[in-house]
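All remarks here apply to the structure that follows.
None of the values given here were measured: they were computed from a predicted structure. In each ligand, atom 1 is the first atom listed, and ligand 1 is the first ligand listed. If you read the sequence from its start, that first residue is 1, and numbering goes on from there.
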Amino acid sequence: MISGKKLPPACRHNLILTGFMGTGKTAVGQILARRLKRRFIDTDRLVESKTGLTVSRTFELYGEKWFRLREKEAVASLADYPPGSLVVATGGGVVLSSESMESLESHGLIVLLTASPSEILKRTGKGGRPLLEGSSSNRERVISLLQNREPYYRRCNLQVDTTNKEPIQVAGIILSELRLILPGEE
Ligand code: S3P
């Protein structure tokens with residue numbers, strides 16, 4: 001589904017995948033990068049290599065606010081690559097920073113991946129998501145975070161529901177949409 005959001009000016013676009021935890025950003029991004037012959041970057045992995053800590057450990061030691069600052073730096077560093085050379089998977093909370101979103105928009109097309117709360121719970125069940133830990137009801141936590149983030153999602157250019165879909169199918173949908181809205185970028 002193409003949203004009403006205006007696309008960035010004609011230039012080659014990075015493909016940015018965002019969306020809630022467990023919506024498949026990394027798995028889909030890796031497939032797209034292979035298909036488009038582009039470099040794949042996951043901003044969580046950038047933060048981890050900068051800090052030398054896992055995201056969970058960063059939250060534990062320094063808290064969410066500090067993580068968000070590192071995340072913003074990771075997003076800013078994407079501007080060092082030639083526009084159109086990247087497929088990027090962001091952490092799910094990147095939408096909360098208007099600075100990061102502006103930076104992503106300046107060189108990319110932002111694709112929002114969504115999934116139902118049940119699917120999100122299924123896919124994130126293995127842990128490693130600090131925001132979903134320590135809560136008595138993960139379902140309520142997921143629903144409340146989704147509600148809080150809903151207004152921020154409107155900024156994205158394209159939206160794809162990944163519920164009951166394999167990453168390869170989602171990648172196929174994105175590639176078809178891409179051919180329509182940005183012909184010649186493959
Ligand atoms: C977060 C999502 C995580 C990670 C951090 C915070 C969020 O990334 O950045 O735990 O705020 O939604 P994934 O969406 O890749 O799980």
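The nearest heavy-atom contact from the protein to atom 14 (O) of ligand 1 is K25 NZ, 2.7 Å. Looking only at heavy atoms of the protein, atom 8 (O) of ligand 1 is closest to D44 OD2, 2.8 Å. Of the protein's non-hydrogen atoms, R129 NE, 2.8 Å is the one closest to atom 16 (O) of ligand 1.
Closest heavy-atom approach to atom 7 (C) of ligand 1 among the candidates G93, P130, G128: G93. With distances taken over non-hydrogen atoms, the option nearest atom 5 (C) of ligand 1 out of T26, V55, D42 is V55.
Between the N14 side chain and the P83 main chain, no donor and acceptor come within less than 3.5 Å of each other.
Within the listing of ligand 1, atoms 8 (O), 9 (O), 14 (O) sit less than 4.0 angstrom from a heavy atom of G91. In summary, the atoms of ligand 1 found under 4.0 Å from a heavy atom of F67, numbered by their order in the structure, are 9 (O).
Between E64 and R68 there is a salt bridge, since at least one side-chain N of the basic residue sits less than 4.0 Å from a carboxylate O of the acidic one. Of the charged side-chain nitrogens involved, none lies within less than 4.0 Å of a carboxylate oxygen, so that K50 and E73 do not count as a salt-bridged pair.
Remark: ligand 1 and L131 share no N or O pair separated by less than 3.5 Å (distance only, no angle test). For ligand 1, the polar-atom distance check finds an N/O of R68 within less than 3.5 Å of one of the ligand's N/O atoms.
Taking a 6.0 Å sphere around CD of Q169, one finds it holds more than 12 heavy atoms contributed by other residues, nucleotides or ligands. Around atom CD of E99, no more than 12 heavy atoms belonging to other residues, nucleotides or ligands sit under 6.0 Å away. Atom OH of Y152 sits in a sparse spot, with 12 or fewer heavy atoms from other residues, nucleotides or ligands closer than 6.0 Å.
In this structure, E48 does not count as a contact residue of ligand 1, since none of its heavy atoms falls inside 4.0 Å of the ligand.
If you look at L145 next to ligand 1, there are no close heavy atoms at all, none under 4.0 Å. Using a 4.0 Å cut-off between heavy atoms, R149 contacts ligand 1 through its side chain alone, with no backbone atom that close.
Following chains of ILVMFWY side-chain contacts shorter than 4.5 Å, one can reach V75 starting from Y153, so the two form part of one hydrophobic cluster.
S103 and A76 make their closest contact through OG-CA, 4.3 Å (heavy atoms, listed as atom of the first residue, atom of the second, distance).
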